[in-house]
Each structure stands twice: as C-alpha cells, then as structure tokens.
Amino acid sequence: MTKGIFIIGTGTDVGKTYVTALLVKKLKELGILVGYYKGAISGARSMEESDAGYVKRVAGLEQEEHTLVSYLYQNAVSPHLASKLEGNPVQLKKVKEDFQKVAEEHDFVVMEGSGGIVCPIRYDEEEKIFLEDFIKELGLNTILVAEAGLGTINAVVLTVEYLRQKRIGIQGIFINRYTGSEMERDNIKMIEEITKVPVLSVIAPNAKEILLEETMIDRIRKTGAWEKEKQ
C-alpha cells in the first residue's frame with residue numbers, strides 16, 4: 001500500500017490548503033520525495049489559480065500540473081453540484097488511477113480533500129460519492145485541519161467521531177490561525193482530552209512554515225496506509 005496521508009478540514013475556509021502547502025513544503029525540506037494530489041477542485045478557472053496550483057508554488061514542487069488534480073470545476077460550489085453544472089461527474093476509478101500515478105513517482109503523497117468530511121463529490125442517479133469514499137478507496141489515514149477559535153471544539157469532536165464511526169483512521173490535528181490566547185490554549189487542551197487525538201502542530205496567521213517535532217514528523221511519515229481490513 002502507498003505511504004501517504006489524507007488532509008481533511010472541519011469545514012470550508014479553515015485553511016486546509018494553506019496548511020497542506022506548509023506540510024508538503026516541510027516534508028520536501030526534510031529530503032522526502034513528496035507528491036501532492038487532490039481528486040476534485042471547484043471554484044477555479046485554471047490549475048494555476050486552484051488550490052493545487054497554490055500548493056505547488058508554496059511547496060516548490062516540480063510535479064507536473066496535470067498530475068495534481070483529476071477534476072477541475074469553475075463553479076464555486078460543492079463538487080457534486082459543479083460537476084452537474086459542467087457535465088463532468090467524478091469517476092472514482094479515475095481518482096484512484098491518478099493517485100496511484102503520483103504515488104509511483106514519489107515516496108510519500110499528501111492528498112487534500114474538499115470541504116469537510118461530509119462533502120458530496122458526486123450525487124446523481126448513477127452514483128453517489130462522498131469524500132470519505134476517496135479515503136476508503138485509497139486506504140489512507142487522515143489528518144484534520146481546524147481553526148483555533150471559538151466553536152472549534154464542537155467542530156473537531158464531531159468530525160473525529162464521524163471518522164471513527166466510518167472506521168477511518170486519524171493520525172492527528174493541525175490547529176490553524178493560532179494566536180496563543182487563553183481560549184485557544186484551552187481549546188487545544190479540551191480537543192485532546194475529549195478526542196484522545198494529538199494536536200501535531202499549531203500554525204500562526206501568515207506563517208511561512210509549519211513547526212513539527214521529530215516525533216510528530218515520524219507519526220505522519222510512518223502512518224503508511226490504512227488497512228482496509230479494519231473496515
């Protein structure tokens with residue numbers, strides 16, 4: 001199975017792409033041959049303007065653009081609706097094949113999700129695909145990105161419980177837009193106590209790098225693939 005990790009967010013606009021870019025950059029700086037992949041992106045007119053293009057620039061990846069994402073939609077709506085509007089529905093088989101192509105060229109792959117965990121990717125008469133289906137099909141563990149501020153305890157706990165209900169592995173949590181306030185410090189404490197999932201790192205607003213202890217880096221790198229037998 002492929003060495004890789006799947007990045008999800010507690011919702012839209014929590015900074016998932018930003019954190020993903022910093023993580024890929026960090027792994028690359030450590031000498032890891034790391035690749036990036038995203039199954040579907042909506043709300044971008046070109047690859048350069050998309051989440052994938054942002055990650056490529058920030059992380060300094062030499063990976064060819066056409067390998068970064070399989071489905072690029074212009075409409076800034078959920079992928080399932082964008083695909084209906086644009087007449088190009090997601091095929092799970094293509095996502096798996098394209099991911100494997102990236103995996104064959106890299107030692108580790110960081111795959112970014114779309115929106116929150118309950119994000120419909122395709123929803124029509126022929127097939128219904130949710131973000132969790134990408135994760136299960138590829139057999140990957142996850143890392144969750146959440147905001148530091150008010151409401152994050154609820155968002156994180158609900159997402160973690162959903163992942164566990166679906167028997168999807170979670171390796172850790174990144175807390176984004178962290179300023180170090182008393183409330184934010186307490187949020188982290190409560191999240192770890194309630195979920196028993198470690199916060200791998202906190203990322204300050206406009207940070208240029210992600211700070212990770214060696215033990216946390218090992219936790220990410222050694223995660224490997226989620227064994228489907230656990231389903």
Side-chain angles (χ1 to χ4, degrees), residues 5-26 38 40-44 50-52 54-55 58-59 75-82 110-121 130-132 134-135 140-213 215-217 219-220 223:
I5 199 75
F6 197 105
I7 309 296
I8 59 173
T10 53
T12 304
D13 296 329
V14 296
K16 182 176 71 279
T17 300
Y18 168 68
V19 174
T20 297
L22 294 183
L23 175 60
V24 174
K25 178 183 176 184
K26 170 63 70 174
K38 185 164 182 172
I41 296 176
S42 54
S50 72
D51 294 347
Y54 175 82
V55 173
V58 172
N75 286 274
V77 294
S78 177
H80 82 284
L81 180 55
V110 177
M111 181 169 177
E112 182 186 356
S114 306
I117 185 61
V118 189
C119 178
I121 303 297
F130 287 84
L131 190 66
E132 65 190 70
F134 281 177
I135 302 170
L140 296 174
N141 276 315
T142 62
I143 288 178
L144 177 62
V145 176
E147 286 193 291
L150 191 64
T152 197
I153 296 173
N154 181 70
V156 169
V157 172
L158 288 178
T159 301
V160 171
E161 288 304 312
Y162 185 89
L163 291 171
R164 285 173 172 159
Q165 180 186 14
K166 297 296 182 177
R167 298 185 180 180
I168 295 173
I170 176 168
Q171 291 299 104
I173 302 165
F174 285 129
I175 300 296
N176 191 31
R177 298 167 187 152
Y178 180 78
T179 63
S181 71
E182 182 178 359
M183 179 191 68
E184 293 172 350
R185 294 196 305 272
D186 184 71
N187 283 346
I188 291 174
K189 176 184 176 182
M190 294 301 294
I191 284 170
E192 291 189 321
E193 287 195 10
I194 295 171
T195 66
K196 310 304 180 188
V197 177
V199 171
L200 301 175
S201 183
V202 296
I203 300 95
N206 303 312
K208 300 300 182 184
E209 64 176 330
I210 192 168
L211 301 177
L212 281 169
E213 296 180 3
T215 55
M216 297 306 186
I217 294 172
R219 185 180 180 90
I220 294 170
T223 176

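When all heavy atoms of Pro198 and Gln171 are compared, the pair lying nearest together is CG-O, 3.8 Å. The shortest heavy-atom contact between Val24 and Ala59 is CG1-CB, 3.6 Å.
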Which side-chain N or O atoms in residues 145-158 pair as donor and acceptor under 3.5 Å with protein atoms at least two apart or in another chain?
unit_1, atom_1, unit_2, atom_2, d
Glu147, OE2, Arg177, NH1, 2.3
Thr152, OG1, Glu147, O, 2.6

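With values rounded to the nearest 0.5 angstrom, Leu23 atom CG is found 5.5 Å from Ile210 atom CD1. To the nearest 0.5 Å, atom CD1 of residue Ile170 and atom CG of residue Leu163 are 5.5 Å apart. Between Ile168 atom CD1 and Ile135 atom CD1 the span is 4.5 Å, to the nearest 0.5 Å. Note: Leu211 CG to Glu209 CD = 5.0 Å, rounded to the nearest 0.5 Å. Asp186 CG to Met183 CE: the interatomic distance, rounded to the nearest 0.5 Å, is 9.0 Å.
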Next item on the list: Would you check, one step at a time, whether the test side chain to side chain contact (heavy atoms under 4.5 Å, CB included) holds for Phe6 with Val110?
Entry: CA-CA 6 Å; Phe6 197 105; Val110 177; over 6 Å; no

Next item on the list: Begin from the C-alpha positions of Ile188 and Tyr178 and carry the test side chain to side chain contact (heavy atoms under 4.5 Å, CB included) through to its verdict.
Entry: CA-CA 10 Å; Ile188 291 174; Tyr178 180 78; 3.7 Å; yes

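Here the side chains of Thr142 and Ile7 are not in contact, with every heavy-atom distance at 4.5 Å or above. Side-chain contact between Ile5 and Met111: absent, with no pair of heavy atoms (C-beta onward) separated by less than 4.5 Å. Contact check for Val14 versus Asn176: no side-chain heavy atoms found under the 4.5 Å cut-off. At a threshold of 4.5 Å between non-hydrogen side-chain atoms, the residues Tyr162 and Thr159 do not count as touching. Looking only at side-chain heavy atoms (C-beta outward), Ile143 and Ile173 stay at 4.5 Å or farther from each other.
For the pair Glu132 (side chain) and Lys166 (backbone), a donor-acceptor distance under 3.5 Å is absent. Side-chain atoms of Lys16 never come within 3.5 Å of backbone atoms of Ser114 as a donor-acceptor pair (strictly under, hydrogens ignored). Judged by distance alone, the side chain of Asp51 and the main-chain N or O of Ile41 form no donor-acceptor pair under 3.5 Å. Using a distance-only test at 3.5 Å, with no hydrogens or angles considered, no donor-acceptor pair links the side chain of Ser201 to the main chain of Leu212. With hydrogens and angles ignored, the 3.5 Å screen pairs no side-chain donor or acceptor of Ser42 with any backbone N or O of Ser78. Tyr18 contributes a side-chain N or O that, together with a main-chain N or O of Ala207, makes up a donor-acceptor pair within less than 3.5 Å.
Scanning for salt bridge (Lys or Arg N to Asp or Glu O under 4.0 Å) contacts around Glu192 gives an empty result, with sequence neighbours left out.
Side-chain contact annotation: Glu112 with Thr17, donor-acceptor N/O pair under 3.5 Å present.
Between Phe174 and the options Leu22, Val199, Leu144, Ile203, a side-chain contact (heavy atoms from CB on, under 4.5 Å) holds for only Ile203.
For Glu161 and Arg164, the salt-bridge test passes: some basic side-chain N is under 4.0 Å from an acidic carboxylate O.
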